[in-house]
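Structure first, then comments.
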Amino acid sequence: MTAFANPALKALVAEIKTDLVLAQVSVRRLEKGFELRHVQDREGAPENLRLVDENEIRALAQFTASGAFRPLKSAPNLQTGWRLIVADETKLEFALSQIYPGAIADWFAVRSAKAAPTNYGEFTRRQTGMYRITAMLTDAQAAPMIRACCHNFFCLKQRLWTVTELETDSVAEKSLIPCLEPCAILLEFARTAMRLEQQEISGTTGKTLDIQTPEEIREADFENPKNPRRIQLVLEKRKVRS
């Protein structure tokens, strides 16, 4: 029985001439197999990097260097200081799927013009329950929310879904990994943004901006005024108003 030939994987491997950067991972072609390492360690001496095996890579991608859980695998906080050697394309696919789940398939879908990025309004109108409130944001309100939540401070996926008058991301701004629809973190942030809009109407929103953001604040704790995405939202809305 022959192994299934994944066309998405074959296309990605064909792009690796000497090396390829996928978000924060550098994939380097070896005489036999491939070497993966953090892009910041791209030129580092191998002996200065911890050699990990394929069974360790998922745990490495789960937590930051300080031990915080990474709910968004495309966040720009992947640990540095490691390298992984894989023997073949199948093991390369496994390793990349642990670091960036779904990235290869989504990249290939966009490359093959088989992907249909959604629109924020269309997507949120399909939401039910606690996320129905996200459809209440107008395009003008959603745009700064999206810019804040999807800023490259927080996510390296190339956002291809959008709202009116908000440009999509470029590969240069983000990475080769596309984003085809709002994620769960975006929806939760949109809920917070809509509640903040309602508070502004009733005059209960605070007027000060505290840019001190302790590391212990959870990434998706949007109830906390010091959450970095909430701070970025204030900055994006100020740009619109200035």
Side-chain angles (χ1 to χ4, degrees), residues 2-115 150-160 168-180 183 219:
T2 58
F4 169 70
N6 183 341
L9 177 63
K10 291 293 184 184
L12 184 73
V13 169
E15 295 292 314
I16 308 172
K17 308 309 179 187
T18 54
D19 71 341
L20 177 75
V21 173
L22 190 68
Q24 287 191 296
V25 173
S26 171
V27 182
R28 182 173 299 170
R29 187 182 288 276
L30 304 177
E31 185 175 346
K32 293 183 179 180
F34 305 88
E35 182 193 57
L36 285 71
R37 56 173 72 184
H38 195 287
V39 70
Q40 290 184 17
D41 300 319
R42 201 174 180 182
E43 304 303 326
E47 60 269 21
N48 294 333
L49 302 174
R50 178 169 66 95
L51 185 63
V52 299
D53 65 43
E54 60 190 63
N55 295 317
E56 295 178 82
I57 202 70
R58 183 175 185 274
L60 185 147
Q62 289 280 76
F63 302 95
T64 67
S66 64
F69 178 68
R70 300 177 68 235
L72 190 65
K73 297 302 177 281
S74 53
N77 55 4
L78 183 66
Q79 293 185 45
T80 61
W82 56 273
R83 65 188 184 99
L84 169 68
I85 304 294
V86 294
D88 54 37
E89 295 177 8
T90 300
K91 291 186 176 181
L92 172 64
E93 180 181 24
F94 174 80
L96 289 177
S97 71
Q98 301 304 298
I99 303 173
Y100 297 123
I104 297 175
D106 287 347
W107 169 82
F108 184 67
V110 171
R111 186 176 186 269
S112 306
K114 295 179 180 178
C150 303
H151 197 285
N152 57 16
F153 291 163
F154 310 118
C155 181
L156 294 177
K157 281 191 175 182
Q158 179 195 4
R159 179 185 51 78
L160 297 181
T168 58
D169 294 335
S170 68
V171 170
E173 290 175 292
K174 293 292 192 72
S175 75
L176 290 174
I177 304 174
C179 180
L180 302 178
C183 67
E219 183 175 354

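The basis for the numbers below is simple: all heavy atoms, side chains too, and nothing from hydrogens, waters or symmetry mates.
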_Any residue meeting side-chain contact (heavy atoms from CB on, under 4.5 Å) with L22, in chain and number order, not counting sequence neighbours_ =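 Testing L22 for side-chain contact (heavy atoms from CB on, under 4.5 Å), a comparison that skips the adjacent residues, returns L96, Y100, L176, I177.
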*Partners of R50 by side-chain contact (heavy atoms from CB on, under 4.5 Å), sequence neighbours excluded?*
V52, E56, L60
Spacing of [X] atom [atom1] and [Y] atom [atom2] [to the nearest 0.5 Å]:
X    : Y    : atom1 : atom2 : result
K174 : C179 : NZ    : SG    : 8.0 Å
L9   : L92  : CG    : CG    : 6.0 Å
D88  : F34  : CG    : CZ    : 8.0 Å
R159 : C183 : CZ    : SG    : 11.5 Å
R111 : L12  : CZ    : CG    : 9.0 Å
S175 : K157 : OG    : NZ    : 9.0 Å

*Specify whether F154 and H151 have parallel, tilted or perpendicular ring planes, treating 30° as the upper limit for parallel and 60° as the lower limit for perpendicular.*
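Answer is perpendicular, since the angle exceeds 60°.
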All N/O donor-acceptor pairs, side-chain side in residues 25-32, below 3.5 Å, sequence neighbours left out:
{"residue": "R28", "atom": "NH2", "partner": "R42", "partner atom": "O", "Å": "2.7"}
{"residue": "R29", "atom": "NE", "partner": "I16", "partner atom": "O", "Å": "2.9"}
{"residue": "R29", "atom": "NH2", "partner": "V13", "partner atom": "O", "Å": "2.9"}
{"residue": "R29", "atom": "NH2", "partner": "I16", "partner atom": "O", "Å": "3.0"}

*N77 versus Q24, closest heavy-atom pair with distance*: N-OE1, 3.3 Å
*Least distance between heavy atoms, F63 atom then F69 atom*: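 In this case the closest contact between F63 and F69 is CD2-CA, 3.7 Å.
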*Excluding sequence neighbours, so at least two apart, what forms side-chain hydrogen bond (donor to acceptor under 3.5 Å, both in side chains) with E54?*
none
*Going by heavy atoms in the side chains, are T64 and R70 under 4.5 Å from each other?*
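Heavy-atom side-chain distance check passes, below 4.5 Å.
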*Taking salt bridge (charged side-chain N to carboxylate O under 4.0 Å, His left out) as the test, write out the residues that go with E173, two or more places apart.*
none
_Qualifying residues under salt bridge (charged side-chain N to carboxylate O under 4.0 Å, His left out), relative to E89, sequence neighbours excluded_ = K10
*Indicate whether the side chain of K73 and that of Q98 have a donor and an acceptor atom separated by less than 3.5 Å.*
no
*Examine distances only and state if a side-chain atom of H38 and a backbone atom of L78 form a donor-acceptor pair shorter than 3.5 Å.*
yes
